[in-house]
Amino acid sequence: MVKMKYIEFSGAEHVVEVKPGTSLMEAARMNNVPGILADCGGACACATCHVMVEPEWRDRIPAISDEEEVMLEFGLEERTEGSRLSCQIPATEELNLIVLRLPESQT
């Protein structure tokens with residue numbers, strides 16, 4: 001199992017645990033983490049699962065695709081260096097205890 005921590009804009013924290021291979025978006029939805037809307041269901045066709053990956057984890061996640069880059073440009077929240085779509089990141093053992101922050105627009 002892989003654990004991850006989602007931190008809402010308000011500071012509320014949610015630690016969840018899922019099987020490897022589950023997207024970080026699915027992990028949030030399965031565990032009722034507020035702020036991950038996932039309007040497109042994980043198809044990389046919206047930006048409602050936007051998260052900010054903490055700096056120490058950024059080199060451990062898959063490279064961002066061109067499709068994801070475009071979707072992040074259309075999001076409600078200003079993009080940051082750590083901005084990613086959680087639907088595009090699978091949970092792996094290497095990401096155990098990853099920390100993800102949620103943008104204010106997804107409160």
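A distance of 10.5 Å separates NE2 in His50 from CG in Leu100, rounded to the nearest 0.5 Å. Rounding to the nearest 0.5 Å gives a distance of 4.5 Å between CE of Met1 and CD of Glu17. How far CE of Met30 is from NZ of Lys19: 9.0 Å, rounded to the nearest 0.5 Å. For the atom pair CD1 (Ile61) and OG1 (Thr92), the distance works out to 10.0 Å, reported to the nearest 0.5 Å. Note that the CG atom of Leu102 and the CD1 atom of Ile7 stand 8.5 Å from one another [nearest 0.5 Å]. Here the straight-line distance linking atom CE of Met71 with atom OG of Ser83 works out to 14.5 Å at 0.5 Å rounding.
Under the 4.0 Å criterion applied to side-chain N and carboxylate O atoms, Glu13 and Lys5 are assigned as salt-bridge partners. Between Glu69 and Arg79 there is a salt bridge, since a side-chain N of the basic residue sits under 4.0 Å from a carboxylate O of the acidic one.
Met25 and Cys49 make their closest contact through CG-CB, 3.7 Å (heavy atoms, listed as atom of the first residue, atom of the second, distance). Glu94 and Trp57 make their closest contact through O-CZ3, 3.6 Å (heavy atoms, listed as atom of the first residue, atom of the second, distance). Of all heavy-atom pairs spanning Cys87 and Gly42, the tightest one is CB-CA, 3.6 Å. Nearest heavy atom pair, residue Ala38 against residue Thr48, reads N-OG1, 3.1 Å. Across every non-hydrogen atom of Cys44 and Glu67, the tightest pair is SG-CG, 3.8 Å.
Ile89 is listed as a side-chain neighbour of Leu95, based on a closest heavy-atom distance under 4.5 Å. Looking only at side-chain heavy atoms (C-beta outward), Val18 and Leu24 stay at 4.5 Å or farther from each other. Residues Pro34 and His14 have side chains in contact (heavy-atom distance under 4.5 Å, counting atoms from C-beta outward). When side chains are defined from C-beta on, Pro90 does not count as touching Ser23, because their heavy atoms never get closer than 4.5 Å.
When the side chains of ILVMFWY residues are joined at heavy-atom separations under 4.5 Å, either directly or via intervening members, Met52 and Val33 end up in two distinct hydrophobic clusters. A continuous path of ILVMFWY side-chain contacts below 4.5 Å connects Ile64 to Val70, so both sit in one hydrophobic cluster. Ile36 and Leu72 fall into different hydrophobic clusters, where Ile, Leu, Val, Met, Phe, Trp and Tyr residues are linked whenever their side-chain heavy atoms come under 4.5 Å apart, directly or through other members.
The closest donor-acceptor contact from the side chain of Asn96 to the backbone of Lys3 lies under 3.5 Å. The closest donor-acceptor contact from the side chain of Arg101 to the backbone of Glu54 lies at 3.5 Å or more, if one exists at all. The backbone N or O of Val51 lies less than 3.5 Å from no partner atom in the side chain of Tyr6, so there is not a single donor-acceptor pair. Of the possible polar contacts, none joining the Gln88 side chain to the Leu85 backbone as a donor-acceptor pair under 3.5 Å is found. Looking only at distances, a side-chain donor or acceptor of Arg29 sits under 3.5 Å from a matching main-chain atom of Leu37.
Heavy-atom neighbours of Glu56 CD from other residues, nucleotides or ligands within 6.0 Å: above the threshold of 12. Counted within 6.0 Å of CG on Asp66, heavy atoms from surrounding residues, nucleotides or ligands total 12 or fewer; the atom is thus considered open.
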